[in-house]
Amino acid sequence: MVLTQNKTRLPRDPEKFPTSQLFLLALVRAAEPIALTSIFPYAWQLVRDFHIGSREDASFYAGLLISAFSLAEAVSGMYWGGMSDRIGRKPVLIMGCFGTVASLLTVGFSTNFWMALCGRALGGALNGNIGVIQTMVAEIVTNPKHEPKAYAIMPFVWSVGIIIGPAVGGYFASPAKNFPDTPLDNTTFRTFPYLLPNIICTGLMVISIVAAYFCLEETHPDMQPWSTAEDLQDTHAVTPLIATQATTNMPAANLAHEGSYGTFNAIMEEADEEEWTVRPDGTSKPASISSGSSETWFTRTVMMLMIALGIFTYHSMTYDHLMPIFFQDDRIPLLASMSSPIGDEYGSFAGGLGLSVQQCGVILAFNGIIALFVQAVIFPLAASWLGIWPTFLLVTVLHPIAYFIVPFLALLPENLLYPGIYLCLAVRNTLSIVDYPLLLILIKEASPSNSCLGKINGLAASLGAACRCLASPIAGFLYAVGAKVEFTALAWWSSALIAIVGAVQVFMIRHEKKGPNHQVRAVAPFKFIPQEQHSAQRKSSVIRIKVQSEHGDSGYGTEDERTPFASRVPRS
């Protein structure tokens, strides 16, 4: 294919950090969350404008609109992962960007809800970039010394994208209404009120497509200038079907690759031990490659951590879905005839906060900034001071508070509303952003061996996708029910109940460390983290080499088979 052809080039210097290629990949990565999250501020208003069902049902249909992308992406992930192994990473990456463009334009030009829904599903079905980008980073970075910095780039640009995306969607939605008597007040934008933010996001995607087409190199190991056709036929390159992801606000991570686990702070692996079985001539025995396949990988600890991940993904996604709906729903003061048991002259539990789409977009953008701060500062501080397991217990037990306090925002006077909103967002982001990477670390530590990580990552990704798809429609339905009975706190406190179930379930997890231990380090020295901790180096892993003949007799004594050792160079 044309997209897989590379110009003749000299091999990159392994000692030089691949800045240009990672920058191009980051450009594609940043455009994607901008496009995906731009719909969040106006999804509920879009449904209301299309008059689907009653006004109270808008939250349910908005949930379908949000979850359609995740559902289609999860279903098509297997196909795009295999396709990138056959035709190359670059063409699949570019096709995924074109799929996002098609989705944006379809939603922008939608004249009814079902057209917008098809557009969201189309984008998910044509986008396999999550797994492909993870793989390309691993193939671009060949020097282990560069891995910590390289794996931190993608989560960072994703976090930047979720700041810009909602701001674009909220500020530029309905331009004819929000910018009267300007060039934006024209027939086109009155007919298609949500076209402008989608055009802006399309422009960003086109820039990333052009840059990737002309400048990004193919990273598939068997599609290099020195590769042959036979190399591709016998390729062992593997792209993960879909990387593990909690919600749209959280960058994906692949447990099978050593990386940042969805945060841009360094996570160091401590001593690990492996066993290699080789022939007397030094070549690897086939059995040594699959020796771990017969080992039971779905242990009780892994199962309980998967349940914890599913519970977390579900209630975290409900927060992301309910937040813009609650912010934009009409504020209803307490009246004598209302069934809402709590309220005052400022508002009640019968409605929301009465903010505009533009105000909601600005708040969601600040929400991304708060998340960025938590990732960079709060997460490494908490994990370094308390340790991974105690920090995980703490944030999981406290998580229900994040949902319980939100409905009380409707009771605040105008001068305290914004401080209250940002306080709620700070609480939620602190608990959520810290919880997710710790869950992934604990799952990897509980893995019986590295050979199981592919299966475990696949299960985690599938479970997360299922929970994301269910969370938005269910939360929207509960909000609709709450609106009909004049008690919108029902949806929020239902999510708090699920978080309470997660807090109880976490005490049923047996903390085991079958895999490598981990320690979290900040991306840069921080005065609140002791210097001796920050400068600590990871211990070398130990590889036990056992020499064995085809008949199981190595020719050496039993004691000789146990004594050969080798130390692997630390990869961080």
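- Side chain of S38 to main chain of A35: a donor-acceptor pair is present (N/O by atom type, distance under 3.5 Å, no hydrogens or angles).
- One finds the CD atom of Q505 at 4.5 Å from the CD1 atom of I311 (value rounded to the nearest 0.5 Å).
- For the residue pair R428 and S316, a side-chain donor N or O sits within less than 3.5 Å of a side-chain acceptor on the partner.
- Summarising the geometry, atom CG belonging to D435 is positioned 10.0 Å from atom CG belonging to L440; distances are rounded to the nearest 0.5 Å.
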**side chain to side chain donor-acceptor pair (under 3.5 Å) between Q328 and S356, worked out** = CA-CA 6 Å; Q328 296 174 55; S356 67; over 6 Å; no
**Message:** What verdict does the side chain to side chain donor-acceptor pair (under 3.5 Å) test give for Q375 and N429, after you've listed the backbone C-alpha separation in whole Å, the side-chain angles of each residue and the deciding distance to 0.1 Å?
**Reply:** CA-CA 9 Å; Q375 279 184 305; N429 278 300; over 6 Å; no
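- A 4.5 Å side-chain heavy-atom check between T135 and T219 finds every atom pair outside the cut-off.
- Looking at T299 and P448, their side chains come closer than 4.5 Å, going by heavy atoms from C-beta outward.
- A search for side chain to side chain donor-acceptor pair (under 3.5 Å) contacts involving S59 returns nothing, not counting sequence neighbours.
- Residues F40 and I66 have side chains in contact (heavy-atom distance under 4.5 Å, counting atoms from C-beta outward).
- Q245 contributes a side-chain N or O that, together with a main-chain N or O of M250, makes up a donor-acceptor pair within less than 3.5 Å.
- Between A253 and Y436, the shortest heavy-atom contact is N-OH, 4.2 Å.
- Using a 4.5 Å heavy-atom cutoff, the side chains of K149 and V141 are not in contact.
- Between A211 and L24, the shortest heavy-atom contact is CB-CD2, 3.9 Å.
- In this structure, the side chain of T100 engages the main chain of G96 through a donor-acceptor pair within 3.5 Å.
- Counting only N and O atoms by type, the side chains of S67 and S472 include no donor and acceptor under 3.5 Å apart.
- Considering only heavy atoms from C-beta on, W44 stays 4.5 Å or farther from H321 through its side chain.
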**Prompt:** Can I369 and F366 be said to form a side chain to side chain contact (heavy atoms under 4.5 Å, CB included), step by step?
**Reply:** CA-CA 5 Å; I369 295 174; F366 273 101; 4.1 Å; yes
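- In this structure, S495 contributes its side chain and T318 its backbone to no donor-acceptor pair below 3.5 Å.
- Contact detail for E445 and I388: the closest heavy-atom pair is OE2-CD1, 4.4 Å.
- In this structure, W493 and F408 have tilted ring planes: the angle between them lies in the 30° to 60° band.
- In this structure Y42 satisfies the ring-ring contact (aromatic ring centres under 6.0 Å, His included) test together with Y194, sequence neighbours excluded.
- Side-chain contact between I34 and I162 is absent, with no heavy atoms from C-beta onward closer than 4.5 Å.
- Judged by distance alone, the side chains of S84 and R89 do bring a donor and an acceptor atom under 3.5 Å apart.
- Using a 4.5 Å heavy-atom cutoff, the side chains of L425 and M323 are in contact.
- Between Y403 and H399, the angle of the ring planes stays under 30°, which puts this pair in the parallel group of the 30/60° scheme.
- Here the side chains of I153 and F264 are not in contact, with every heavy-atom distance at 4.5 Å or above.
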**Item:** F312/T396 under side chain to side chain contact (heavy atoms under 4.5 Å, CB included): CA gap, chis, key distance, verdict
**Value:** CA-CA 9 Å; F312 167 78; T396 304; over 6 Å; no
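- Considering CG of L353 and CD1 of I421, their distance stands at 5.0 Å, rounded to 0.5 Å.
- Taking every heavy atom of both residues into account, M136 and L93 meet most closely at SD-CD2, 4.0 Å.
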**Request:** For L322 and F327, run side chain to side chain contact (heavy atoms under 4.5 Å, CB included): C-alpha distance rounded to whole Å, both residues' side-chain angles, the deciding distance at 0.1 Å, then the answer.
**Result:** CA-CA 8 Å; L322 290 173; F327 288 170; over 6 Å; no
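- The aromatic ring centres of Y319 and W492 sit less than 6.0 Å apart.
- Under the salt bridge (charged side-chain N to carboxylate O under 4.0 Å, His left out) criterion, no residue pair touches residues 383-397, with sequence neighbours excluded.
- For the atom pair R331 CZ and L417 CG, the distance stands at 5.0 Å (nearest 0.5 Å).
- A distance of 12.5 Å separates CD1 in I443 from CE in M304, rounded to the nearest 0.5 Å.
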**Message:** I'd like to know whether F379 forms a side chain to side chain contact (heavy atoms under 4.5 Å, CB included) with N265, so could you lay out the CA-CA distance, the side-chain angles of the two residues, the decisive distance to 0.1 Å, and finally the verdict.
**Reply:** CA-CA 8 Å; F379 171 68; N265 296 282; 3.6 Å; yes
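- N367 and Y422 form no side-chain donor-acceptor contact under 3.5 Å, judged by distance and modelled atom types alone.
- Contact detail for G464 and T313: the closest heavy-atom pair is O-CG2, 3.5 Å.
- Counting all heavy atoms, side chain and backbone alike, A446 lies closest to V302 at O-CG2, 3.7 Å.
- Within 6.0 Å of CZ in F477 there are 12 or fewer heavy atoms belonging to other residues, nucleotides or ligands.
- Figure legend: K444 and Y261 shown without cation-pi pairing, the cationic atom not lying both under 6.0 angstrom from the six-membered ring centre and within 45 degrees of its axis.
- Looking at S462, its side chain never comes within 3.5 Å of a backbone N or O of L459 through a donor-acceptor pair.
- Using the six-membered ring where Trp is involved, H511 and W389 have ring planes that are parallel, under 30° apart on the 30 and 60° scheme.
- A distance of 10.0 Å separates SG in C467 from NE2 in H315, rounded to the nearest 0.5 Å.
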